[in-house]
Amino acid sequence: MFGRRACTVVERTTYGPYVVVDVHDPDGPAPAPGQFYMLAAVERWGGGDGERPFLPRAFSVLRAREGRLSFLFDDVGPGTNRLMDLDREDELWLTGPLGEGWRPTDRRPILIGGGVGIAPLVALADTLDAPEVLLGFRDAHHAQAAALVTQGSDPSVTTDDGSAGHHGLVTELLPDDLSGVELFACGPPAMLEAIRRLGVPAQLALESGMACGFGACFGCVTPLAEGGYARVCVDGPVFAAAELAEVPAH
Amino acid sequence: MFGRRACTVVERTTYGPYVVVDVHDPDGPAPAPGQFYMLAAVERWGGGDGERPFLPRAFSVLRAREGRLSFLFDDVGPGTNRLMDLDREDELWLTGPLGEGWRPTDRRPILIGGGVGIAPLVALADTLDAPEVLLGFRDAHHAQAAALVTQGSDPSVTTDDGSAGHHGLVTELLPDDLSGVELFACGPPAMLEAIRRLGVPAQLALESGMACGFGACFGCVTPLAEGGYARVCVDGPVFAAAELAEVPAH
Amino acid sequence: MIDFCGLQLEHEVINGSGTFDAIAARRAFGAELLDRFPFSAFVSKTITLKPRAGNPPPRLWETAGGMINSIGLPNKGLAGYLEHDLPQLAELPVPLITNVMGSTAEELTELAAACDERPEIAAIELNVSCPNVATGLDIGAVPAELERVVAGVRPATTKPLIVKLTPNTADVAACGRAAEAGGADAVSLINTLRAMALDSDGEPWLGGRTGGLSGPAIRNVAVAQVAAVAAGVTVPIVGMGGVQTGAHALDLLRAGATLVAVGTESFRDPAAGGRIARELREKAANSANPFA
Amino acid sequence: MIDFCGLQLEHEVINGSGTFDAIAARRAFGAELLDRFPFSAFVSKTITLKPRAGNPPPRLWETAGGMINSIGLPNKGLAGYLEHDLPQLAELPVPLITNVMGSTAEELTELAAACDERPEIAAIELNVSCPNVATGLDIGAVPAELERVVAGVRPATTKPLIVKLTPNTADVAACGRAAEAGGADAVSLINTLRAMALDSDGEPWLGGRTGGLSGPAIRNVAVAQVAAVAAGVTVPIVGMGGVQTGAHALDLLRAGATLVAVGTESFRDPAAGGRIARELREKAANSANPFA
Ligand SMILES: Cc1cc2nc3c(=O)[nH]c(=O)nc-3n(C[C@H](O)[C@H](O)[C@H](O)COP(=O)(O)OP(=O)(O)OC[C@H]3O[C@@H](n4cnc5c(N)ncnc54)[C@H](O)[C@@H]3O)c2cc1C
Ligand SMILES: Cc1cc2nc3c(=O)[nH]c(=O)nc-3n(C[C@H](O)[C@H](O)[C@H](O)COP(=O)(O)OP(=O)(O)OC[C@H]3O[C@@H](n4cnc5c(N)ncnc54)[C@H](O)[C@@H]3O)c2cc1C
Ligand SMILES: Cc1cc2nc3c(=O)[nH]c(=O)nc-3n(C[C@H](O)[C@H](O)[C@H](O)COP(=O)(O)O)c2cc1C
Ligand SMILES: Cc1cc2nc3c(=O)[nH]c(=O)nc-3n(C[C@H](O)[C@H](O)[C@H](O)COP(=O)(O)O)c2cc1C
Ligand code: FES
Ligand code: FES
């Protein structure tokens, strides 16, 4: 579907510090898990900190059903701040679905998410049969977002401060024996880099500063193992860990 | 009082297409009629049409009593549009009172206002004893703002389309004999220019595009009869008609 | 139809080089892109003789009403472009303008000569203005030097030759006249303004250290430069810089441009080019002589 | 205390010339202005030899994240300034920097010599960059010419001589080096970028036809130019352009400036200079070495 479209917000829910916004998108193509959309508020996009936001922002689809899309927002700057302020009846510019999502595998999937990076994993879990899901958060407040995983068994949770679940890094919950396993991960760069360095089959959903989301600006690149760069928006956001030279800090 | 201060909106009322916003300004100096303030919304100033507004906007004080200031807004662009959207509890940046207001006179005052230009005349009427007030509006809908004049006798109203009051220009209501009279006028440039050309004692409150409102930018000038320019913000906004070379269209 | 150097174009709106990848967009948006192609001609990213990987990330910084990019002209090189991209770009429903850059007149001549041979290419744009690549000063910044370069390239092609001026100069009008004197069939402007952003530690944010500012922040600089160039040249002008609406496009046409290019706004609204062309048409319909 | 060319200043923040009229502000805000004076030195509007009325209105246009002014340097002329303004400016609690402009080295020399005689004036800023006045190219746009002008003025004064560079040039770093070679004690930048706005009929909105763009829209151009100049000069730099917060000021200091000037932001917040100085101080207190 070419171009952006104005969609109406139909629901707004909070999970700890996070906000989930549902929009009505009756005409858009159904997204695959791991795909993303470029979003901007129709009204009042700009005039925030540093006279921003100006460009649209990239968000993984959290959930999609019956012409309704859900997005999970974490307040990190003027764009997410504005989007979290959206309420029922407000309008959103939406372009997508975009990018290459998770690729199916015959191996045993383990889903690992950190913070707001759980969004594309929720979308993936919805398509799997009771997958193993490991989620890491800063603290118990943030860990409320674990409730978004509704498919299959309860996710295992870790927190940085031990206020909920296991006290430590989410990667500590990985089994020692990863043979036959394929990891599906999204989260902070340091977490993804740690997983990449495991050297096991893994799909990593990257974030990157994006201007366009559809391959137009060449701004969102990440370095490849073979040299050169790939555009996260059209060649990803999901990459095989082995393709990547590293997961850059920003 | 040096600098801008954040003040809270305590009331919002509509008069036809106009909006009156009252703000709580407990610490500011009391304004004189004809003075003005520079206003900007604390939140969401920017991100409108053309990524504007950016600069604050000038508004006459409509009414001032007991630490409460009223302003009258007409929606002409991104700045007024945003200000008209303000509601109770919202915050406003406010600098002022600024400029030179109406000067007292021993002559018989007649107040003539056009459209949103009635604002400084309402402030003036509040200080006079049943002055004669003539107000011109586009139509009956706009003429609802005539109700703002509460001091003394009912104002005489004209409308461009005859839908309320006299059908025609407000200047048509002026008595033929203006001897002993001093006119106090604010409104569209064409109206003020017509009054200036009468050659009778008159005080005209001008509008002008302003960046600062306190003499810093030299952007708001108007041409003087003696040559050169005066700054509307510090030398006005009220000028003796005889001082002016013309009332520029913008 | 608009006549631009002999090309017959549907409307006044094309893309700015490097701000729309029609091949990637077709992948993202499918066949509908071609049915509703937003531009009346398509300008390629800048092509260089050798392949380039571009600058290390991060490559983007958002500013008040704009953005800075330090993309660094990644491209497959001339041979890669001709072999892989050209066949796909030839499928677009509009004429193709190929944008090329070299650091010497010789390189530019080689690029222009190679493009001249390919019937899929309708016109050539010389990028003499890219501020992102460390060649010292832009070769287009000094009028006499620019005239020499354009005159050197001119014999290499009979196709329309557009010179994309640099805005980072003391006298863009003189640069426009120099391009015309060197044999340009048209000039285009403005390219991005040289800019820099620091991270919270005070280090340059962009991998390329400096980058180019685009978007609404530079719109009125573009109007001034287009008007200045228009006063001194007779060749047509492609005006660009911060265009978001038909009203902005009309400003550039009235300042003296024949075509308008849309760059950054396509990132916010992928179909912006088509919308702006429509808005321009509506303005024309509502006014006796909108371009007066 | 900051040492700037021998002046001892309370903090790093001064005003940009032409963006704060301390005399008018005192009238508007009363004595509180002097108690809470926002700047550590005060820079006058540009003074010329003869009085100037300035450009016809309208003089302002608001843009995305900024504004264009075509004020046209109204001022009382040298004699009027010395007689009427100087006594009042001498009452300010901070050192006074007088900004002067002339279209030739001779005019500038006469202005500098007159300022040199007045003890109320702590330093002189040469405006070689104002794009609003129709003198063809800015005299500061070409390095060799700039060096000649500065060298001509230099002997006329022993006071600190600041050269305010023009941003409308191909190579601001070369201009900075030229100012230093000519004998400048400091350079200041950036002045406004040449820009133009059209009204809805396509006519120039501004009475001066073109004007200068300032505010956040040019902030990152300022960072790039300050960094470029800092790499080539040893004299201190006054950085300005779009500064709204202590973080923005810190960017310019880290890019190489010793002082920061605030212009357009004072229009939005008359006390912005003081706020920004405070924000800078807080950043310094919160960080071991904020200027590293
Ligand atoms: C494919 C993809 C999927 C994503 N999915 C989600 C999701 O589901 N939920 C979610 O909350 N987020 C998601 N993100 C991240 C989201 O896009 C960013 O958090 C968002 O763009 C931040 O915008 P902002 O204005 O709130 O913050 P910004 O101010 O843009 O800050 C975000 C980061 O950008 C950098 N930055 C700061 N200032 C600037 C500037 N001026 N210009 C450029 N960069 C700057 C800094 O590193 C900062 O930490 C996703 C990103 C991608 C690419
Ligand atoms: C002393 C004084 C008192 C005033 N009192 C009142 C009052 O009581 N109530 C009231 O409603 N108004 C009052 N005004 C007018 C008010 O200040 C303006 O209507 C307001 O600034 C318009 O801002 P805007 O963003 O809504 O519209 P803008 O878009 O700024 O449009 C307003 C006008 O500015 C011009 N313009 C358009 N675009 C631009 C641009 N990009 N840059 C610069 N100019 C542009 C056009 O002529 C346009 O008609 C007063 C003005 C002054 C000087
Ligand atoms: C991300 C990006 C990449 C660009 N790449 C090129 C390029 O490869 N060649 C070129 O001549 N101009 C390039 N430009 C400049 C644009 O073509 C255009 O001149 C400029 O962005 C101003 O227009 P805008 O404000 O509409 O974006 C690029 C601009 C952007 C924003
Ligand atoms: C309204 C206005 C008037 C100005 N007048 C002068 C002037 O007289 N002399 C001068 O050297 N610079 C003048 N400038 C330029 C400023 O000093 C400053 O260099 C520029 O505005 C960039 O800073 P800013 O973005 O903080 O405004 C003026 C700027 C503005 C906005
Ligand atoms: S975000 Fe523009 S190319 Fe990926
Ligand atoms: S508005 Fe700035 S001087 Fe009047």
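Side chains are part of it too, since the values below use all heavy atoms of this structure and drop only hydrogens, waters and symmetry mates.
Annotation for A:Glu11: atom CD counts as buried by contact number, over 12 foreign heavy atoms lying within 6.0 Å. For CZ of C:Arg36, the number of neighbouring non-hydrogen atoms (other residues, nucleotides, ligands) closer than 6.0 Å is greater than 12. Other residues, nucleotides and ligands contribute over 12 non-hydrogen atoms within 6.0 Å of the CZ atom of A:Arg12. For C:Arg209, the CZ atom sits in a loose shell: 12 or fewer heavy atoms of surrounding residues, nucleotides or ligands are nearer than 6.0 Å. For A:Glu246, the CD atom is densely surrounded, since the number of other residues' heavy atoms within 6.0 Å is greater than 12.
Taking chain A as the reference chain and counting heavy-atom pairs below 4.5 Å, the highest number among C:Gly215, C:Ala22, C:Ala53, C:Gly207 is found for C:Ala53. When each of C:Gly54, C:Ala28, C:Pro74, C:Gly66 is scored by its heavy-atom pairs under 4.5 Å with chain A, the top score falls to C:Gly66. The candidate from A:Thr222, A:Leu98, A:Val221, A:Val234 with the greatest count of non-hydrogen atom pairs under 4.5 Å with chain C is A:Val221. Most heavy-atom pairs under 4.5 Å with chain C: of the set A:Pro53, A:Gly228, A:Pro223, A:Gly50, this distinction falls to A:Pro53.
When heavy atoms are compared at a cutoff of 4.5 Å, A:Arg5 does not approach chain C at all. C:Pro56 touches chain A through backbone and side chain together, each having a heavy atom under 4.5 Å away. Both the backbone and the side chain of A:Met1 come within less than 4.5 Å of a heavy atom of chain C.
Remark: C:Arg26 is not positioned above the aromatic ring of A:Phe2, lacking an NZ or CZ atom under 6.0 angstrom from the ring centre and at most 45 degrees off the axis.
Residues of residues 264-273 of chain C lying under 4.5 angstrom from chain A, judged on non-hydrogen atoms, are C:Thr264, C:Ser266, C:Phe267, C:Arg268, C:Asp269, C:Pro270, C:Ala271 by number. Using non-hydrogen atoms only and a strict 4.5 Å limit, no part of residues 74-89 of chain A faces chain C. When the heavy atoms of residues 199-220 of chain A are compared with those of chain C, the residues falling under 4.5 Å are A:Gly209, A:Met210, A:Ala211, A:Cys212, A:Phe214, A:Gly215, A:Ala216, A:Cys217, A:Phe218, A:Gly219, listed by number.
With sequence neighbours left out, the side-chain contact (heavy atoms from CB on, under 4.5 Å) criterion links A:Pro31 to A:Gln35, A:Tyr37, A:Val61, A:Ala64, A:Leu69, A:Pro97.
In terms of heavy atoms, C:Asp21 sits closest to A:Arg231 at OD2-NH1, 2.9 Å. Residues A:Arg52 and C:Thr63 share a closest heavy-atom pair of CG-O, 4.0 Å. A:Tyr229 and C:Pro57 make their closest contact through CE2-CD, 3.5 Å (heavy atoms, listed as atom of the first residue, atom of the second, distance). Scanning all heavy atoms of the two residues, the minimum distance from C:Glu62 to A:Leu55 falls at OE2-N, 2.7 Å.
Between C:Phe29 and A:Thr95, some side-chain heavy-atom pair lies under the 4.5 Å cut-off.
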